[in-house]
Structure formats: structure tokens, C-alpha cells
Number of protein chains: 2
Amino acid sequence: MKPMTFSEENYLKTIYHLMSLHPEGVSTNSIADKMETKASSVTDMLKKLSEKNLVSYKRYQGVLLTDSGLHEAKMIVRKHRLWEVFLVEHLDFKWDEVHDIAEQLEHIQSEKLIDRLADFLGNPTQDPHGDPIPDADGKIAKTEKQLLSELKVGEKAICVGVKDSSSEFLKYLDKQQISLGTTIEVLEKEDFDQSLHIRTKQGEVVVSQKIAGNLFVRKG
Amino acid sequence: MKPMTFSEENYLKTIYHLMSLHPEGVSTNSIADKMETKASSVTDMLKKLSEKNLVSYKRYQGVLLTDSGLHEAKMIVRKHRLWEVFLVEHLDFKWDEVHDIAEQLEHIQSEKLIDRLADFLGNPTQDPHGDPIPDADGKIAKTEKQLLSELKVGEKAICVGVKDSSSEFLKYLDKQQISLGTTIEVLEKEDFDQSLHIRTKQGEVVVSQKIAGNLFVRKG
DNA sequence: ATAAATTTTTAGATTTGTCTAAAAATAAAA
DNA sequence: TTTTATTTTTAGACAAATCTAAAAATTTAT
């Protein structure tokens with residue numbers, strides 16, 4: 001595989017993420033929206049990626065990654081998430097500060113570098129947000145990230161992310177002193193409205209079903 | 001300073017290095033040679049950098065970095081060398097493997113990242129080749145790299161690089177079991193031909209003035 | 001099924017960084 | 001000081017990735 005441009009890599013990665021939502025085919029417009037570009041630009045790039053056999057593309061039909069495109073995409077995601085681990089674990093970055101930097105680092109070309117980095121980090125299988133890190137062959141461990149609302153009474157977990165990152169929701173979390181890394185224990189679940197009684201460092205709090213369905217946690 | 005393109009950064013860095021050889025002005029052709037591009041491309045870029053006040057350029061007159069161009073160049077060199085330290089000290093790379101990767105990493109944009117990285121590495125003042133690392137303000141400690149031929153009898157130093165990296169010279173070093181990191185002690189200097197008797201892990205060896213003038217070492 | 005709305009693609013233009021070929025300025029040599 | 005050689009710049013072209021505007025295909029609604 002000859003080296004790709006940054007732009008090509010960004011398209012592959014975006015299609016990869018959109019494919020997990022729409023496995024039957026990803027539309028031109030959805031790619032344009034996600035990448036904040038125009039549909040016409042997407043069409044041009046899809047033709048190019050198609051000629052390189054990284055995507056299977058038929059006009060007006062949406063697009064899917066080929067096997068080799070999928071592998072390339074996974075390697076980019078692997079790099080992104082390994083760098084995030086490095087930034088958080090060794091350079092003291094917070095979860096919400098690492099994305100833009102990892103977005104740049106994911107394009108660094110060197111297999112040796114990424115293998116050594118993975119070793120250095122202890123071959124982690126998930127990033128600081130609880131998302132899985134593909135291994136060098138592209139294998140992905142089952143994600144251990146789940147919604148707070150999926151926990152059973154008595155289970156403990158740590159907060160690893162949010163589904164909806166609207167500023168109202170983040171402000172709410174702030175007020176409840178819930179942030180990345182906060183440990184949460186489910187004390188009780190109300191059958192009536194599915195609201196949860198949870199224990200945080202803060203003390204005991206009640207959160208609605210809606211809140212619990214927007215907060216990602218990882219058991220352990 | 002708004003972000004620069006990779007290409008702009010590479011030009012600044014090249015001009016910076018050439019300026020240490022030709023402080024009175026750097027010629028268009030020398031830049032083209034070093035960057036393996038054409039003189040006409042260089043001219044175009046010099047105009048662009050000049051408009052951004054990063055170089056002072058008058059046609060047919062060669063070019064020099066302005067104060068702000070110099071600062072930018074130093075920050076790129078700082079990043080390059082810090083990443084080299086990281087690769088060698090934490091990811092077990094050898095001195096001769098790090099250049100191409102650092103060449104990519106030097107373009108990552110984040111002041112916070114580079115400050116944190118420097119802290120993580122213990123704020124080193126020189127890279128694995130013995131070249132100085134500018135601090136966040138652009139200050140550069142006196143280089144501690146010198147030629148083996150400059151050492152006095154009795155002094156010890158470690159090998160940090162070569163001046164001429166022709167394969168004959170590298171093969172010679174290999175045969176003498178001298179490599180990056182090898183400790184060398186000067187035992188005796190022949191007045192007649194300036195050849196040196198040195199001690200390495202290998203034992204006692206005699207090297208000519210020519211060899212000693214091609215090998216960089218760092219005292220300590 | 002036909003019209004209206006949406007999505008996607010084409011056609012043509014723009015920007016960045018590069019190139020070749022030719023012209024202009026400078027430096028070296030006779 | 002001319003002539004010659006070298007260096008540098010201009011002029012014009014090209015590839016990559018993008019954009020706008022308009023056309024074509026598809027989908028949705030009447």
C-alpha cells in the first residue's frame with residue numbers, strides 16, 4: 001500500500017465511522033456533513049479512492065469500504081487511539097483535549113513507530129474514552145464501553161464519555177461533579193421512570209433515564 | 001502567528017540550517033539543492049514567506065530569516081529534536097532511524113503538546129546526535145558536540161554522530177566497533193600526523209587525523 | 001404516474017505548490 | 001570591457017483538492 005494523502009486518510013476514517021451506523025451504504029451527503037465539505041468534493045474523492053480499490057463506489061449508490069480500505073481505516077483509528085492513550089497517560093492531557101492533536105498524529109507514517117508506541121503503552125485495547133483500539137492485524141476487542149443506563153444495581157464503573165455532548169448536558173455533569181474518570185456506583189433503579197440512584201465522590205445523586213442514557217461508562 | 005503549511009515550515013527549517021553555514025545570505029540554488037526541488041519553486045516560496053515577514057528577500061540577493069522567521073524555525077527544530085529524544089529514549093529507536101519520523105512529527109501543531117513532551121523528557125538540552133535543543137523561548141545552549149580530533153589526551157567522550165556519512169566511513173566505524181553511544185578515551189596523540197590512540201570497549205585502536213575529524217563526540 | 005423535492009454528479013473555476021523553458025540579472029573570464 | 005557562464009526570476013502549465021452553479025438521477029409526495 002503506497003502512502004496516502006492526509007485527505008484520503010480522513011475520508012477513509014470518516015467512511016469507517018459512518019459505516020458502523022449505516023452498514024448497508026454511506027451516502028455522499030453524510031460524508032460531506034461529517035467532514036464539513038461539499039458533496040461535489042466528496043464525489044471527486046470517492047472516484048479517486050475507488051480507483052485505488054479502497055472503496056466500492058457506484059454512482060448514486062452510496063459507498064462502502066473494501067477489505068483493503070477497511071484495513072487501512074482501522075490502522076488510522078489504531079494510531080489515533082494509541083496516541084490518545086499516550087497523551088492522557090504520559091503527558092497529563094485531559095480526555096477532552098486530546099482529539100485535535102491525535103487527529104494530526106494519526107497521519108504519521110511508520111509501522112515501526114506505531115508498533116513500538118503500542119508496546120511502550122502496554123498494548124492497550126481501549127482508548128481513554130473507552131473505545132476499542134484495533135490491533136496490528138485490525139482485530140478489535142469487544143468494546144467495554146456501555147451506557148450508564150445499562151448497568152445493573154450494585155455495579156461500579158468509571159465515566160469514559162458522553163453520547164450527546166451538548167453544552168447543557170456537559171454543564172449538568174459539571175454541576176454534579178461528574179467528569180471523565182469519575183467512579184460511579186449504581187445503588188438503586190426506580191422501576192417507574194428508570195431513574196438511577198448513584199454514588200459518586202460527591203455523594204448520592206439521582207439521575208434521570210435520559211441522563212443515564214447519555215453517559216458512557218466502563219466497568220472495572 | 002497563524003499556522004504554516006508543511007512546505008513553508010520545511011523551507012524555514014532549511015534556510016535556518018543553511019544560515020549557520022552562510023550567515024551573510026542563503027542562495028536560492030543552495031535551498032533548491034538541499035530540498036531537492038527546483039530554483040523556480042524556491043523563488044515562488046521565498047516571495048510568499050517574504051510577504052508573511054518570515055524572511056527578508058530581495059531578488060537576486062539571497063535570503064535571510066527575519067526575527068520572527070528565526071523564532072519559527074527554532075520552534076520547528078525544537079520539536080524535531082525533542083521527538084528524536086522521545087524515539088530514542090522511550091521507543092528504543094537507534095540514532096540513524098529517527099530522522100524521517102521526526103521529520104513528520106516536527107509539523108504537529110500544539111504548543112501544549114510540545115511543552116508537555118519536553119517536561120516528560122526532562123527538558124533535555126540536546127538530542128541523541130548531540131545537537132542542541134532550543135528552549136521554548138528559542139534560547140540555545142552552547143553545543144556540546146565536538147570533533148574527536150578536538151579532544152585532549154586523557155579526555156573521555158561518547159560518540160554522537162558523524163560529519164561525513166559515506167558508506168565507506170560507516171563501514172570503517174563498524175569494523176572498529178564504534179557506533180552511536182560508544183565511549184572513547186583519548187590515550188595519546190601523535191605530533192607527527194595528529195593520529196590518535198584511543199580506547200574503546202574493543203580495546204586500543206589507532207585512528208588517523210582524517211577519521212578523528214569526521215567523528216562527533218560529546219564529553220561526559 | 002406525474003410533479004416536486006432531494007440527492008448526487010458533472011463542468012468549470014480557484015488555490016497551493018510544483019514543474020519546464022525561456023528571459024533577465026549577476027558574476028566570472030578572456 | 002566585452003563575452004561567456006552561472007544564477008535567479010518570470011511566464012505559463014500541471015496535479016491535487018477544493019468550491020460554485022447547473023444538470024442529471026433518484027426519491028418522495030400528490
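In what follows, chains are A, B, ... by sequence order, proteins preceding strands, each numbered from 1.
With rounding to whole Å, A:Tyr60 atom OH is found 13 Å from D:dA23 atom P. A straight line from CD of B:Gln61 to P of D:dT9 spans 9 Å, rounded to a whole angstrom. With rounding to whole Å, A:Met35 atom CE is found 15 Å from D:dC19 atom C1'. Atoms CD1 (B:Ile31) and P (D:dT7) sit 14 Å apart, rounded to a whole Å. Taking atom CG of residue B:Asp44 and atom C1' of nucleotide D:dT9, one finds them 9 Å apart after rounding to whole Å. Across the protein-nucleic acid pair, B:Met45 atom CE and D:dT9 atom P stand 14 Å apart, rounded to whole Å.
Taking side-chain N and O atoms only, B:Arg59 has a distance below 4.0 Å to OP1 or OP2 of D:dT10. Phosphate proximity of C:dT9 to A:Tyr57: present, with a side-chain N or O under 4.0 Å from OP1 or OP2. Proximity of A:Lys47 to the phosphate of C:dT10: a side-chain N or O atom is located under 4.0 Å from OP1 or OP2.
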For residues 51-65 of chain A, which side-chain donor-acceptor pairs fall under 3.5 Å, sequence neighbours excluded?
unit_1  : atom_1 : unit_2 : atom_2 : d
A:Lys52 : NZ     : A:Glu8 : OE1    : 3.3
A:Lys52 : NZ     : A:Glu8 : OE2    : 2.9

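The aromatic rings of B:Trp83 and A:Trp83 lie perpendicular to each other, with more than 60° between the two planes, well past the 30° mark.
In the set D:dT9, D:dC19, C:dC19, the nucleotide with an atom closest to the side chain of A:Ser41 is D:dC19. Distance from the side chain of A:Thr37 is smallest to D:dC19 among D:dT7, C:dC19, D:dC19. Among the nucleotides C:dT26, D:dA25, D:dT20, the one closest to any side-chain atom of A:Lys38 is D:dT20. Among the nucleotides D:dT7, C:dT8, D:dT9, the one closest to the side chain of B:Asn29 is D:dT7.
Side-chain atoms of B:Leu121 and B:His90, non-hydrogen and from C-beta on, do get closer than 4.5 Å to each other.
With hydrogens and angles left out, the side chain of A:Ser40 and the base of D:dT20 share a donor-acceptor pair within 3.5 Å.
Contacts between residues 3-21 of chain B and DNA chain D, defined by a heavy-atom separation below 4.0 Å, involve no residue at all.
Contact between B:Asp127 and B:Arg218 at its shortest, heavy atoms only, is O-NH1, 4.0 Å.
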Kindly indicate, with the supporting measurements, whether the criterion salt bridge (Lys or Arg N to Asp or Glu O under 4.0 Å) is fulfilled by A:Lys219 and A:Glu150.
CA-CA 11 Å; A:Lys219 275 189 243 180; A:Glu150 293 163 357; over 6 Å; no
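Heavy-atom contacts from other residues, nucleotides or ligands closer than 6.0 Å to NZ of B:Lys38 number 12 or fewer.
Listed for the B:Lys79 side chain is a donor-acceptor partner under 3.5 Å among the backbone atoms of B:Ile108.
Across all strands shown, A:Thr28 has heavy atoms under 4.0 Å from sugar-phosphate atoms exclusively, and none from any base.
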